Amino acid sequence: VENGENSRYRDWFFFDNTEECGYQTFGHWPYMPKLNLANPDCAAYFLDVGRYWLRSCHIDGWRMDVSPEIWPDFWRKFRNMLREENPDGLMVAECWDDSRQWLSTGDMFHSTMSYVWSRNVWNRFCYRKISLREFDAVNNRSLMLYPEPVTQVLWNFLDTHDTARVRTRAGGSVEMQQTMSIKEKVTVHALRKQQRILPMLRIPNRQNLLPPLYHTAFSVQKMPTRVQ
């Protein structure tokens with residue numbers, strides 16, 4: 001701000017008239033300016049941020065927020081950095097739709113939050129919008145979307161901090177919540193028999209009516225297969 005047009009950081013952002021604040025943002029929020037990660041200095045700064053936490057806290061991986069909004073080549077650089085710091089490190093995308101663009105090439109993310117699977121569960125068990133046949137078809141499609149190493153480590157869930165709690169979606173029905181939890185356990189068991197996968201993750205409901213099936217924190221050392 002002090003140096004205006006001459007600031008070394010000016011090209012880290014996108015200044016134009018698309019927003020009232022004078023620069024591009026995420027979600028139209030002025031406090032979240034969109035970053036130009038195609039800028040080498042900007043990319044290097046945030047690669048160092050990722051490297052810092054890997055080295056200082058020995059974390060096993062990163063779940064990347066709103067991954068489709070980021071310059072794709074930055075994710076390739078981030079994965080290279082992660083491989084250098086921790087060859088067993090894991091990168092999970094937060095993508096709400098079909099994630100093949102970020103997963104199929106094998107040079108960005110290892111896995112994604114599988115909203116495709118979650119929406120299918122909600123539509124069948126919460127909203128009763130689809131038949132069992134339709135539910136089965138979407139389940140089969142979700143299993144065929146990605147290469148097998150990706151399918152083995154998809155992050156499946158019933159609800160997250162970004163969504164309504166599954167009991168709320170089910171109209172407050174504890175019985176339906178329990179049914180979906182049992183469905184999740186059965187799905188995990190069935191898929192484990194078919195292939196070695198990362199356990200599906202469930203974020204506990206706020207009311208703590210049911211014990212959490214799995215914790216949202218994970219460790220690569222507990223994974224059944226090494227992710228390359």
Side-chain angles (χ1 to χ4, degrees), residues 1-57 59-83 85 89-119 122-123 145-146 150 154-166 168-169 201 203 206 216-218:
V1 175
E2 180 180 345
N3 294 315
E5 293 284 336
N6 296 320
S7 171
R8 57 177 292 194
Y9 303 108
R10 191 183 192 286
D11 193 43
W12 288 31
F13 307 95
F14 298 93
F15 292 95
D16 55 31
N17 296 320
T18 58
E19 306 275 359
E20 291 186 7
C21 58
Y23 50 86
Q24 293 184 26
T25 66
F26 171 74
H28 309 290
W29 297 103
Y31 60 84
M32 289 195 290
K34 188 173 180 63
L35 294 167
N36 178 16
L37 288 167
N39 177 292
D41 292 335
C42 183
Y45 177 87
F46 286 98
L47 289 173
D48 281 342
V49 171
R51 188 177 290 110
Y52 170 83
W53 292 104
L54 288 163
R55 291 180 177 179
S56 298
C57 297
I59 63 174
D60 290 321
W62 285 92
R63 176 265 194 190
M64 296 301 193
D65 207 41
V66 202
S67 53
E69 299 286 334
I70 302 299
W71 177 251
D73 198 49
F74 175 75
W75 294 136
R76 296 184 178 94
K77 294 177 181 178
F78 199 96
R79 178 153 170 172
N80 287 335
M81 178 276 294
L82 176 63
R83 184 181 295 114
E85 297 294 330
L90 184 69
M91 280 179 66
V92 179
E94 188 226 14
C95 182
W96 286 55
D97 297 294
D98 185 335
S99 304
R100 282 176 289 184
Q101 180 178 345
W102 295 273
L103 294 171
S104 297
T105 57
D107 58 355
M108 286 186 267
F109 292 92
H110 298 103
S111 181
T112 184
M113 298 179 71
S114 188
Y115 278 93
V116 173
W117 183 87
S118 300
R119 286 197 190 95
W122 300 334
N123 286 335
L145 275 176
Y146 310 113
V150 174
L154 285 176
W155 184 343
N156 294 326
F157 50 86
L158 294 179
D159 50 45
T160 77
H161 63 287
D162 284 323
T163 71
R165 296 302 172 188
V166 72
T168 300
R169 291 185 188 275
L201 305 179
I203 295 181
R206 288 172 180 166
T216 55
F218 58 86

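Just so you know, residue 1 is the first one in the sequence shown, and it goes up from there. From a predicted model like this one, the values you see are computed outputs, not experimental measurements.
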Indicate yes or no: at least one non-hydrogen side-chain atom of Asn80 is less than 4.5 angstrom from one of Lys77.
no
Heavy-atom distance under 4.5 Å between the side chains of Tyr146 and Arg100, does that happen here?
yes
Side chain to side chain, Tyr115 and Phe157, heavy atoms closer than 4.5 Å:
yes
Please tabulate, for side-chain N and O atoms in residues 32-45, each donor-acceptor pair with protein atoms closer than 3.5 Å (sequence neighbours left out).
unit_1: Lys34; atom_1: NZ; unit_2: Glu69; atom_2: O; d: 2.8
unit_1: Asn36; atom_1: OD1; unit_2: Ala38; atom_2: N; d: 3.3
unit_1: Asn36; atom_1: ND2; unit_2: Asp11; atom_2: O; d: 2.9
unit_1: Asn39; atom_1: OD1; unit_2: Asp41; atom_2: N; d: 2.9
unit_1: Asn39; atom_1: OD1; unit_2: Cys42; atom_2: N; d: 3.0
unit_1: Asn39; atom_1: ND2; unit_2: Asp11; atom_2: OD2; d: 2.9

Near Asp16 CG, under 6.0 Å, is it more than 12 heavy atoms from other residues, nucleotides or ligands?
yes
Between Arg169 and Asp159, is there a side-chain heavy-atom distance shorter than 4.5 Å?
no
In the structure I gave you, are the side-chain heavy atoms of Phe109 and Ser67 within less than 4.5 Å of one another anywhere?
yes
Would you call Asp97 and Arg119 a salt bridge, taking side-chain N to carboxylate O under 4.0 Å as the test?
yes
Checking ring-ring contact (aromatic ring centres under 6.0 Å, His included) for the pair Trp71/Phe74: CA distance, chi angles, key distance, verdict?
CA-CA 6 Å; Trp71 177 251; Phe74 175 75; over 10 Å; no
4.5 Å side-chain heavy-atom contact, Met91 and His110:
yes
Give the ring-plane orientation class for Trp29 versus Tyr31, where under 30° counts as parallel, over 60° as perpendicular and anything between as tilted.
tilted
Return the CG to CH2 distance between Asp107 and Trp75, rounded to the nearest 0.5 Å.
13.0 Å
Supply the atom-to-atom distance Ile70 CD1 to Met64 CE, rounded to the nearest 0.5 angstrom.
9.0 Å
Does a side-chain heavy-atom distance below 4.5 Å link Trp117 with Leu154?
no
